[in-house]
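This report concerns only the one structure given below.
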Protein chains: 2
Amino acid sequence: MLNKESPLPMYYQIEEDLKRKIESGIYNYGEAIPSERELSETYEVSRMTVRQAILNMVRNRILYREKGRGTFVAEEKFEQPLQGVTSFSEDMKRRGLTPHNELLIFERQDPDETTKDLLQLKEEEVYYLKRIRYADDEPMAIEETFIPVHLFPELDADRLEGVSFYEYIETKTAHSIERARQTIEAGTAVFEEARPLSIEEGDAILRIERIGYLSTGVPFERNTSIYRSDRYKFISDMQREK
Amino acid sequence: MLNKESPLPMYYQIEEDLKRKIESGIYNYGEAIPSERELSETYEVSRMTVRQAILNMVRNRILYREKGRGTFVAEEKFEQPLQGVTSFSEDMKRRGLTPHNELLIFERQDPDETTKDLLQLKEEEVYYLKRIRYADDEPMAIEETFIPVHLFPELDADRLEGVSFYEYIETKTAHSIERARQTIEAGTAVFEEARPLSIEEGDAILRIERIGYLSTGVPFERNTSIYRSDRYKFISDMQREK
DNA sequence: CACTAAAATTGGTATAGACAACTATATACG
DNA sequence: CGTATATAGTTGTCTATACCAATTTTAGTG
């Protein structure tokens with residue numbers, strides 16, 4: 001069942017096995033899984049190890065527990081929470097659409113005061129990207145991105161062509177994305193915005209301003225987007241704070 | 001230091017003590033706190049107990065850890081993440097504004113198909129509330145709320161007057177709020193919307209549709225809000241999924 | 001049959017110790 | 001002086017056990 005020699009920790013292997021059993025219907029939604037003590041016997045590990053696996057899954061909403069009653073499989077619809085920071089490409093794919101970009105500008109520049117402030121920069125240069133974002137060949141958003149050069153010195157236009165920038169960071173660099181803060185407001189399109197989005201002047205648009213942070217806490221991008229609102233809804237899943 | 005007789009678990013008392021020491025500057029932002037072994041000696045508990053306290057604080061972004069290096073105090077600005085599901089009242093207070101309501105409609109009714117679907121109802125009645133939401137005596141939003149009667153049978157208009165509905169649920173009932181899903185889109189105000197918000201027809205507005213869920217997974221409210229966008233920005237903090 | 005008390009089961013907290021994986025520092029060697 | 005190498009310190013994983021608190025189940029009693 002489990003591989004004691006594997007470099008993967010036991011609790012992780014247990015998590016994977018429980019997930020598999022949930023997906024294959026061995027444990028059903030809303031029903032209880034075996035108790036900690038039972039699982040520790042079947043997996044031949046200590047109860048605390050089983051516990052670590054279960055508590056991780058509770059944090060990920062795959063399970064929930066009730067003292068004195070047991071541990072239960074959470075409802076299916078919460079299995080893959082749609083919360084989370086995503087790039088445009090990831091967002092569109094999740095919605096079943098095919099994203100692509102039209103790169104209008106890619107250059108290095110000295111950031112303006114707002115950008116310096118938001119990205120906590122002093123004199124460092126930033127990449128400036130301006131792109132039109134398409135989903136299924138329809139224009140969806142105009143996006144401007146500012147990225148500190150010193151964080152990704154090897155970045156160039158080619159690298160941003162095929163793959164999502166977020167994916168690039170997480171697979172090709174040592175950095176990892178942790179969180180983002182967004183402000184969202186409504187507005188009406190002016191002519192220069194309406195034209196590339198194929199909408200009319202005065203039509204409703206969403207303005208989204210995002211600051212992305214690495215796991216070190218360092219801000220790595222400022223992203224200002226204008227979405228046409230006839231084709232795009234912002235979806236957000238939030239948890240209640242305790 | 002710690003009270004072994006207290007009904008509060010040791011790990012919780014340790015968390016509180018560490019938070020206090022961070023706030024009072026005994027441990028500074030970015031610097032390491034004592035190691036698990038040191039803490040387990042000073043608090044006179046086992047290392048695993050210290051560990052439970054620390055891991056909780058890591059989840060809450062108060063601390064972060066690096067294997068082989070130590071445990072560090074996270075940057076100040078992430079101490080109180082603004083993420084989380086909030087009611088209008090809570091949201092406004094957090095922004096330093098004073099909220100109040102004008103209750104236009106409060107009645108029981110048979111829900112329409114959309115509401116029945118979103119709240120997973122069959123034939124149950126719902127409360128229907130229509131309110132104008134004010135912040136510092138300026139109209140901010142028009143809000144319609146649908147709440148299943150059977151979840152809160154004792155609800156009436158008085159109970160929603162002074163206190164936030166979310167606060168009411170968490171303090172006066174056995175239910176607890178867990179999460180919410182929101183969709184946000186931009187639009188332009190029609191006459192009936194513009195009038196109570198003191199804006200002009202055609203001005204930009206944010207339409208927010210929210211479904212709130214209890215910790216049991218049961219949806220407890222459908223909330224449809226129209227915010228004027230000249231005075232309101234939606235703020236959202238999100239974490240990257242792993 | 002209905003109610004109550006006891007027992008069993010479950011998750012929650014806590015202990016004491018062991019080894020592994022990783023990091024930084026001091027030390028010895030070329 | 002620079003470079004390996006040991007070593008001490010850190011977090012990460014895991015064991016085996018114990019008792020507590022909440023809930024459910026069972027047995028007993030009237």
Side-chain angles (χ1 to χ4, degrees), chain A residues 1-18 27 30-74 174 176 215-216 242, chain B residues 1-18 27 30-74 174-176 178 215-216 242:
Chain A
M1 184 85 78
L2 301 190
N3 179 3
K4 293 230 182 201
E5 309 311 318
S6 165
L8 296 173
M10 304 291 294
Y11 69 82
Y12 181 81
Q13 296 183 49
I14 294 173
E15 280 181 60
E16 292 304 312
D17 190 60
L18 290 176
Y27 302 143
E31 291 179 5
I33 67 170
S35 71
E36 294 181 351
R37 287 171 180 83
E38 276 184 70
L39 289 174
S40 86
E41 281 181 28
T42 58
Y43 288 121
E44 293 179 325
V45 297
S46 82
R47 191 184 148 209
M48 291 303 280
T49 303
V50 167
R51 205 174 155 72
Q52 188 171 1
I54 289 180
L55 290 179
N56 281 340
M57 295 174 75
V58 168
R59 264 206 303 285
N60 294 329
R61 306 172 171 297
I62 299 167
L63 303 173
Y64 64 93
R65 355 188 58 189
E66 294 179 29
K67 191 195 291 192
R69 301 223 319 128
T71 304
F72 306 87
V73 182
S176 85
S215 48
T216 52
K242 300 293 157 59
Chain B
M1 186 85 78
L2 300 190
N3 179 3
K4 294 228 181 200
E5 310 310 318
S6 165
L8 296 173
M10 305 290 295
Y11 69 82
Y12 181 81
Q13 295 183 49
I14 294 173
E15 280 181 59
E16 291 305 311
D17 190 61
L18 290 177
Y27 303 143
E31 291 179 6
I33 66 170
S35 72
E36 294 179 351
R37 285 179 178 84
E38 275 184 70
L39 289 174
S40 86
E41 281 181 28
T42 59
Y43 288 121
E44 293 179 324
V45 297
S46 79
R47 190 185 148 210
M48 291 303 279
T49 302
V50 168
R51 206 173 154 74
Q52 188 169 1
I54 289 181
L55 291 179
N56 281 339
M57 294 174 75
V58 168
R59 264 205 303 286
N60 293 330
R61 307 173 171 296
I62 299 166
L63 303 173
Y64 65 92
R65 348 189 65 193
E66 293 181 28
K67 188 196 290 194
R69 300 221 320 128
T71 304
F72 305 86
V73 182
H175 300 294
S176 84
E178 168 97 353
S215 47
T216 53
K242 299 296 157 59

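Within every chain, numbering begins at 1; the chains are lettered A, B, ... in the order of the sequence lines, protein sequences first and strands thereafter. Small disclaimer: the values here were computed from a predicted structure and weren't measured. These values consider heavy atoms only, across backbone and side chains, with no hydrogens, waters or symmetry-generated copies.
- Contact between B:Glu36 and B:Ile54 at its shortest, heavy atoms only, is CG-CD1, 4.2 Å.
- Here C:dT13 presents its P atom at 13 Å from CD1 of B:Ile14, a figure rounded to the nearest Å.
- One can place CE of B:Met10 at 11 Å from P of C:dA16, the figure rounded to the nearest angstrom.
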Find every protein N or O atom lying less than 3.5 Å from an N or O atom of nucleotides 5-10 of chain C, and list the pairs.
none

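- A sub-4.0 Å separation between OP1 or OP2 of D:dT13 and a side-chain N or O of A:Tyr11 is present.
- At the heavy-atom level, A:Met48 lies under 4.0 Å from base atoms of the strands shown.
- Taking atom CG of A:Leu8 as the reference point, atom C1' of C:dA21 lies 14 Å away to the nearest angstrom.
- Considering every non-hydrogen atom in both A:Val73 and A:Leu63, the closest pair reads CA-CD2, 3.9 Å.
- Residue A:Ser46 places at least one side-chain N or O closer than 4.0 Å to OP1 or OP2 of D:dT15.
- Between A:Thr49 and D:dT13 there is no side-chain polar atom (N or O) within less than 4.0 angstrom of OP1 or OP2.
- Taking a 6.0 Å sphere around CD of A:Glu44, one finds it holds 12 or fewer heavy atoms contributed by other residues, nucleotides or ligands.
- Taking 4.5 Å as the limit, some side-chain heavy atom of B:Tyr43 sits within range of a side-chain heavy atom of B:Leu18.
- One can place CD of B:Glu15 at 13 Å from C1' of C:dT13, the figure rounded to the nearest angstrom.
- For B:Tyr11 against B:Ala53, the heavy-atom pair with the smallest separation is O-CB, 3.3 Å.
- Taking atom CD1 on B:Ile54 and atom C1' on C:dA14, their separation rounds to 16 Å, with Å as the unit.
- As rounded to whole Å, 12 Å separates atom C1' of D:dT10 from atom CG of B:Leu39.
- Per the geometry, CZ belonging to B:Arg51 stands 15 Å off C1' belonging to C:dA16, to the nearest Å.
- A:Ser46 meets the side-chain hydrogen bond (donor to acceptor under 3.5 Å, both in side chains) test with A:Thr49; sequence neighbours excluded.
- Distance CD (A:Gln52) to P (C:dG11): 17 Å, rounded to an integer number of Å.
- A donor-acceptor pair is defined here as one N or O able to donate and one able to accept, closer than 3.5 Å; such a pair exists between the side chain of A:Gln13 and the backbone of A:Leu8.
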